[in-house]
Amino acid sequence: MIEINGLTIGIIIILIGAYGILTKRNLIKMTMALYVMNSGAILFFVSLGFRKNSSAAILGDWAGLVVDPLPQAVVLTSIVIGLGITSLALALAIKIYEEYKTLDTSNLKEK
Amino acid sequence: MISQFQFFPVDSLSFIMGSLALLLLPLILIYSVKYIRTHHIHYFIPFFILALGIIGVFFSKDFLGFFVFLELVTLSSYFLIIQPWMEDTLAAGFKYLIMNLIGGVLILFSVLILYSQTGSFDFIEISKLLSVGAIGKLPLISIAFLLGCLIKCGAIPFHTWLPDAHPAAPSPISALLSGLVINIGVYGILRFMFTLKIFFPVLVWIGVGSMLFGVILALRQTNIKRLLAYSSISQMGYILLGIGIGGGLGLGGGIFHAINHAVFKMLLFLCAGAVIYVTGERQLKHLGGLMTRMPVTAAFFIIGALSISGIPPFNGFVSKSIISAAVVTGREPMIKIAMILTAAGTFALFFKMFKQIFLGDLSAGKWNVKEAPVIMLFPMFLLASACLGMGVMWRRVLVVFIYPVLGQYGANTVLSVHKIWSLESLLHTLIVIGLGLVIYGVGMRMGWLGSAVPWIFSVDRIYVSIGRLIVMLGNIIRDLQFRSLNFHLLWVFLMLLLFYFLFRFIA
Amino acid sequence: MAEHAPILIIVFPLLAAFLTHLTKYVKLERGAELVAFASMLASLSVLVISAPAVLAGRVISYNIGGWTAPLGISLVLDGFSFFFCIVIVVIGLLLILYSLGVYLYARRYYSLLLIALSALFGIALTRDLFNLYVFFEILAVSSYVLIAYKRRPRTLKASFRYLMITESAWVFFLLAIAMLYGLTGTLNMDGIAQKIPMIYQSSPYSLFIIFSIMLVAFGIKCGMAPLHSWIPEAHSQAPTPVSGLLSGLILKAGIFAMLRVFYLFFVGVGPFSTILLYVGLITLLFGALMALVQDELKKLLAYSSINQIGFILVGIGIGTTLGLKGALFHLLNHAIMKTGLFFCAGIIISQTGFWKIERLRGVYKRMPGVAISFFLLSLAIVGIPFFNGFASKLLVILATLKQMYYIPGIILLLGIVISAAYYFKVLRIFFNPEESREVHDFVPRPVGPFEHFAVYLCVVFCVVIGIFPGIIFPILEPAVKVLLP
């Protein structure tokens with residue numbers, strides 16, 4: 001029996017994104033799918049640091065049980081990267097739409 | 001290791017080949033000065049690189065140098081062959097380049113295996129190691145090297161670049177290709193002799209095949225230079241046969257014939273070049289009656305033709321007699337018959353050529369044809385006198401040039417030379433002449449000697465279709481690529497799975 | 001100074017990337033270009049200063065913010081990073097030199113280029129796995145924008161395709177980093193490397209997942225065969241210096257990272273090198289066959305890059321010192337040659353406006369210098385003796401044959417012949433004395449001296465390295481020694 005936790009949900013979200021990226025032909029939808037995949041990876045990463053019944057490693061008593069702070073720091077960076085990439089992809093999609101008047105990849109004929 | 005190839009070992013094999021190159025190259029250069037009328041820079045820069053390459057090949061001390069200069073020869077002669085930049089010369093040059101690169105690459109393959117086995121490129125060190133018998137993978141090395149050399153010297157199944165490249169090139173370059181460049185293949189085989197011993201029976205039959213098919217194909221040609229090119233294939237057959245039989249007689253005869261072939265084929269190409277230079281014609285049927293207009297060229301042509309047909313007292317006779325003496329000792333009646341047929345065919349071939357170029361009526365529009373310029377006749381004169389001189393003073397040539405090489409290979413240096421001028425060999429010559437005339441007469445009557453070679457016999461077709469197949473494969477793969485973005489994204493996931501399972505199963 | 005070298009090398013171009021925008025407020029002719037040039041020269045001088053120590057085998061490590069290895073990010077300048085930094089500096093300077101003539105006052109362009117270069121330095125120097133990921137993403141983002149810089153329709157499409165294919169794999173890379181962190185508890189590469197054998201004992205399958213993800217992620221960057229599909233479009237649609245950046249450095253960054261990560265983590269673990277050998281052969285044949293049937297000049301060059309990458313991958317796959325030496329040497333050579341070829345193609349295309357090879361008949365008469373440079377560079381890339389390609393290909397093939405891989409050796413040699421076929425197909429057209437009507441009629445646009453100078457510089461490099469291959473070995477040998485001590 002697979003335990004339902006952050007890790008498995010992260011993997012599931014990645015697979016949902018992968019499904020989207022493989023089947024959708026709309027540029028915006030593909031971008032969304034990519035972002036979903038990214039979120040899954042981020043959830044996976046941040047769940048690694050999770051420990052039950054522990055507090056954030058920010059202030060106060062460090063002697064008690066704390067979650068691992070490193071994944072959180074790392075994940076912040078990767079969220080920013082994912083955001084940047086998504087916005088760049090959307091900008092490209094808008095530009096492509098302006099040029100081709102369509103967002104469907106199969107209609108992007110040579111021009 | 002990469003830039004450290006060395007020169008000047010030099011053993012007597014390098015010496016004779018190198019001195020042949022050094023003597024013949026200036027003649028071609030003199031001839032070219034007049035022959036090349038335009039685009040001097042495009043001609044002479046590759047020419048000097050080619051000269052450097054040929055000399056470098058013969059004088060390099062190790063296999064790496066041999067290969068490097070061989071590539072230089074291939075490339076520079078490519079640029080000389082495509083000289084007029086017409087569609088057909090470009091196609092011929094392309095075929096030349098690709099086939100010779102394949103040959104070169106095979107040589108590199110074997111040389112690098114040899115290096116990885118011995119740790120050395122040096123001829124002498126490798127031959128020392130071989131005498132101890134300390135080299136692995138010898139069959140593979142030898143096959144690759146032999147194949148490479150056979151492609152380079154235009155032996156019969158690999159000859160198809162030769163009849164295309166020679167007519168395409170300017171005449172002095174055809175002379176150079178036929179005289180020196182294809183000799184590089186022979187030189188390679190001689191260099192590698194010590195390991196090739198097991199393949200010598202194969203070499204004999206390749207030689208016989210080249211002799212016969214070369215001359216049969218040559219008989220059917222109508223283009224002067226294409227005809228000479230096929231005859232080169234046939235003469236290469238003699239050389240390979242001689243080397244393949246081995247022993248003092250075979251090896252000596254083969255090397256001697258290589259030298260002789262360089263001299264008389266160069267002479268013939270230069271004569272053809274002179275004819276082309278003054279008339280602008282390459283087709284036999286448009287030529288004729290030039291005897292009165294170009295008597296000197298005609299005389300030189302006769303000398304060359306007699307030499308190549310093996311008529312005494314010219315040099316071709318001597319080397320062919322030595323090879324045939326070697327065949328007799330080898331007791332192979334089939335080879336003997338093939339030799340006689342080839343010699344007769346060669347005689348018929350040059351009889352036909354001489355008759356159609358120099359005898360008969362002058363064709364229309366050729367009334368103002370004059371003798372070729374002196375500067376072109378001079379190299380031809382030197383080559384013709386070499387043909388005669390080497391034929392008459394063959395004993396000296398043998399002693400000075402050939403015996404040291406034979407000594408180097410440990411072959412029997414005392415050739416049974418008395419056979420060369422025997423009654424038997426003269427009778428042999430008469431048979432050849434008679435048979436040649438018969439072949440010519442019958443062939444002309446039946447119309448065999450003018451039609452193009454049927455496509456069905458062409459080996460070329462196989463190579464061309466291999467090339468087409470490769471391009472077709474590329475086209476198929478390219479068409480598979482025109483897919484949506486999703487298809488290409490699918491590859492990412494597929495490769496993830498593929499690598500994972502590969503890892504699981506291999507580890 | 002030498003102990004701060006790793007950070008300085010990265011910081012100079014990064015700082016300059018932002019300074020280029022400020023040159024707007026300075027009354028200075030070509031301020032952005034000057035800043036770009038100066039920053040690369042500064043990085044180069046730092047490299048030169050640290051060269052004696054690094055080449056002697058010392059490892060210069062630098063901890064960002066003073067935090068030591070397991071906690072902070074450490075940058076390490078060893079022989080291998082040094083080699084790649086040299087490649088980056090040389091190609092970067094060539095790119096900026098070429099750009100001087102093409103992009104006047106384009107601050108944004110130089111800024112993006114410098115960000116890409118600084119990310120490349122980061123990739124070369126970092127020892128933190130996540131940091132590697134970040135630098136790759138910075139590189140990727142700046143290269144997406146650079147490819148789409150001209151905003152033509154096909155350009156945008158190429159950029160989007162590159163983005164989608166790359167990012168879908170690099171999401172998994174993040175996953176792989178997370179898994180490694182979960183398994184080892186550290187992100188420092190050396191720290192991970194120490195624990196890898198232990199993990200291999202306990203949970204080999206997760207290690208295989210990580211390995212295959214990394215192979216795919218780096219494979220996409222370097223153009224491994226079935227993952228290459230972004231390369232031809234991106235290379236042919238990008239502005240010329242960016243094509244040089246892609247082919248010369250970004251593909252090589254994938255190879256560099258692959259070598260770095262795998263030689264740290266996986267070298268004794270699995271048969272990764274054998275897989276890489278066969279993948280390299282497929283890549284090589286694939287690139288060669290595709291290049292043979294291309295009719296656009298820049299696409300042909302792009303597929304030829306895939307062909308040469310195959311060569312490098314085979315060299316890596318052999319896994320011996322000789323193979324690695326050949327692969328790294330070919331990496332450097334190919335970077336120079338292909339950059340030069342793209343420059344030539346860029347000059348020819350920008351002057352005539354034709355992309356198709358067929359329409360460039362007789363280009364030699366109109367621009368002999370560029371055509372001859374193209375000729376020499378293509379001889380170099382085919383691997384004709386006396387050019388640098390010959391030396392490196394010889395090493396790779398020799399390494400292959402030494403390990404008794406005879407069939408792969410034959411395929412490598414076949415690849416050489418096919419590459420000769422397609423390059424000579426181009427040369428036949430370029431040097432044809434009959435000009436096509438289009439070539440005869442075109443009015444040349446002015447081309448400055450910088451483009452030509454950059455091209456000639458590439459040719460000089462090729463010939464000099466080809467005749468004296470020994471001059472590269474002082475930086476090549478320490479690099480190989482780092483990987484295979």
Side-chain angles (χ1 to χ4, degrees), chain B residues 1-4 39 42 64 67-72 75 78-79 82 84-85 90 93-94 97-98 101-102 104-106 108-109 112-113 115-117 137 140 144 467 470-475 477-478 481 483 485 487-489 491-504 506-507, chain C residues 160-161 164-165 168-169 172 204-205 208-209 211-213 215-216 219-220 224 226-227 229-230 269-272 274-275 286 288-294 379 384-386 390-391 394-395 397-398 401-402 406 409-410 413-414 416-418 420-421 424-425 428 431-434 467-470:
Chain B
M1 163 215 136
I2 298 164
S3 62
Q4 294 170 350
H39 292 104
H42 291 190
L64 191 62
F67 169 76
V68 163
F69 284 99
L70 199 58
E71 292 290 277
L72 212 57
L75 259 188
Y78 166 75
F79 283 99
I82 60 169
W85 291 92
L90 281 171
F94 192 68
L97 182 79
I98 296 302
L101 273 183
I102 290 173
V105 145
L106 282 170
L108 181 65
F109 179 72
L112 286 183
I113 299 178
Y115 180 80
S116 64
Q117 295 290 334
K137 300 284 164 201
L140 186 64
I470 290 174
V471 174
M472 213 167 76
L473 201 63
N475 275 320
I477 298 174
R478 184 181 60 180
Q481 301 274 303
R483 293 295 180 87
L485 184 49
F487 173 77
H488 294 296
L489 284 168
W491 272 114
V492 174
F493 297 92
L494 283 182
M495 288 306 279
L496 277 175
L497 289 178
L498 180 73
F499 280 136
Y500 174 71
F501 284 112
L502 265 180
F503 237 75
R504 248 187 103 158
I506 293 176
Chain C
F160 191 85
R161 160 175 283 208
M164 269 297 155
I165 292 175
S168 63
F172 285 102
Y205 293 139
F208 292 160
I209 295 175
F211 167 76
S212 53
I213 287 173
L215 200 57
V216 168
I220 280 187
M224 199 184 266
L227 306 170
S229 54
W230 63 275
V269 171
F272 99 86
T274 322
I275 292 179
F286 186 85
L289 285 177
M290 286 297 283
L292 202 58
V293 293
Q294 294 306 313
L379 287 190
I384 299 298
F386 300 111
F390 174 69
L394 191 70
L395 286 181
I397 296 169
L398 183 60
L401 296 179
K402 250 194 176 148
Y406 294 125
I410 292 265
L413 293 166
L414 191 70
I416 291 181
V417 174
I418 298 180
F424 273 85
K425 201 182 78 180
R428 254 165 83 167
F431 284 83
N432 206 309
E434 295 166 31
I467 296 175
F468 309 105

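Reminder, nothing fancy here: chain letters follow the sequence lines and each chain counts from 1.
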| query | Is a side-chain donor or acceptor of B:R478 paired with a backbone partner of C:Q294 at a separation under 3.5 angstrom? | reply | no
| remark: C:S168 and B:L489 have their tightest heavy-atom pair at OG-CD2, 3.4 Å
| note | Ranking B:I477, B:L502, B:L473 by heavy-atom pairs under 4.5 Å to chain C gives rank one to B:I477
| note | Applying a strict 4.5 Å limit to non-hydrogen atoms, the region of B:L108 in contact with chain C is side chain
| With only heavy atoms counted, which part of C:Y406 is less than 4.5 Å from chain B, the side chain, the backbone, both or neither? | both
| task | Against chain C, label B:L140 side chain, backbone, both or neither, depending on which of its atoms sit under 4.5 Å from a heavy atom there. | result | side chain
| message | Which heavy atom of B:G104 sits nearest to which heavy atom of B:E71, and what is that distance? | response | CA-OE2, 3.9 Å
| query | Any donor and acceptor pair, going by atom type alone, linking the side chain of C:W230 with main-chain N or O of C:F160 inside 3.5 Å? | reply | no
| task | Just say parallel, tilted or perpendicular for the rings of B:F67 and C:F390, cut-offs at 30° and 60°. | result | parallel
| request: Provide the closest heavy-atom pair for C:K425 versus C:L292 in the form atom of the first, atom of the second, distance. | output: NZ-O, 3.0 Å
| task | Locate the shortest heavy-atom distance separating B:V492 from C:L227; write the atom from each residue and the value. | result | CA-CD2, 3.9 Å
| Top contributor to chain C contacts, counting heavy-atom pairs under 4.5 Å, from B:F94, B:F109, B:Y78 | B:F109
| So what's closer than 4.5 Å to chain C heavy atoms on B:F501: side chain, backbone, both or neither? | neither
| field | Partner chain B: residue of C:L379, C:I165, C:L289, C:L401 with the largest heavy-atom pair count (under 4.5 Å) | value | C:L401
| note | Counting heavy-atom pairs under 4.5 Å with chain C, the top scorer among B:L494, B:I113, B:L101 is B:I113
| query | Under 30°, 30 to 60°, or over 60°: which ring-plane class applies to B:F503 and C:F211, parallel, tilted or perpendicular? | reply | tilted
| request: Compare every heavy atom of C:M290 with every heavy atom of B:G474, then report the nearest pair and how far apart it is. | output: O-SD, 4.0 Å
| request: Using non-hydrogen atoms and a 4.5 Å limit, figure out which bit of B:L72 sits close to chain C: side chain, backbone, both or neither. | output: side chain
| request: Give, as side chain, backbone, both or neither, the part of B:L97 having an atom under 4.5 angstrom from any heavy atom of chain C. | output: side chain
| said: What part of C:F431 gets within 4.5 angstrom of chain B, counting heavy atoms only: side chain, backbone, both, or neither? | reply: both
| Is it the backbone or the side chain of B:F79 that comes under 4.5 Å from a heavy atom of chain C, or both, or neither? | side chain
| said: At a 4.5 Å cut-off on heavy atoms, which part of B:L75 comes close to chain C: side chain, backbone, both, or neither? | reply: side chain
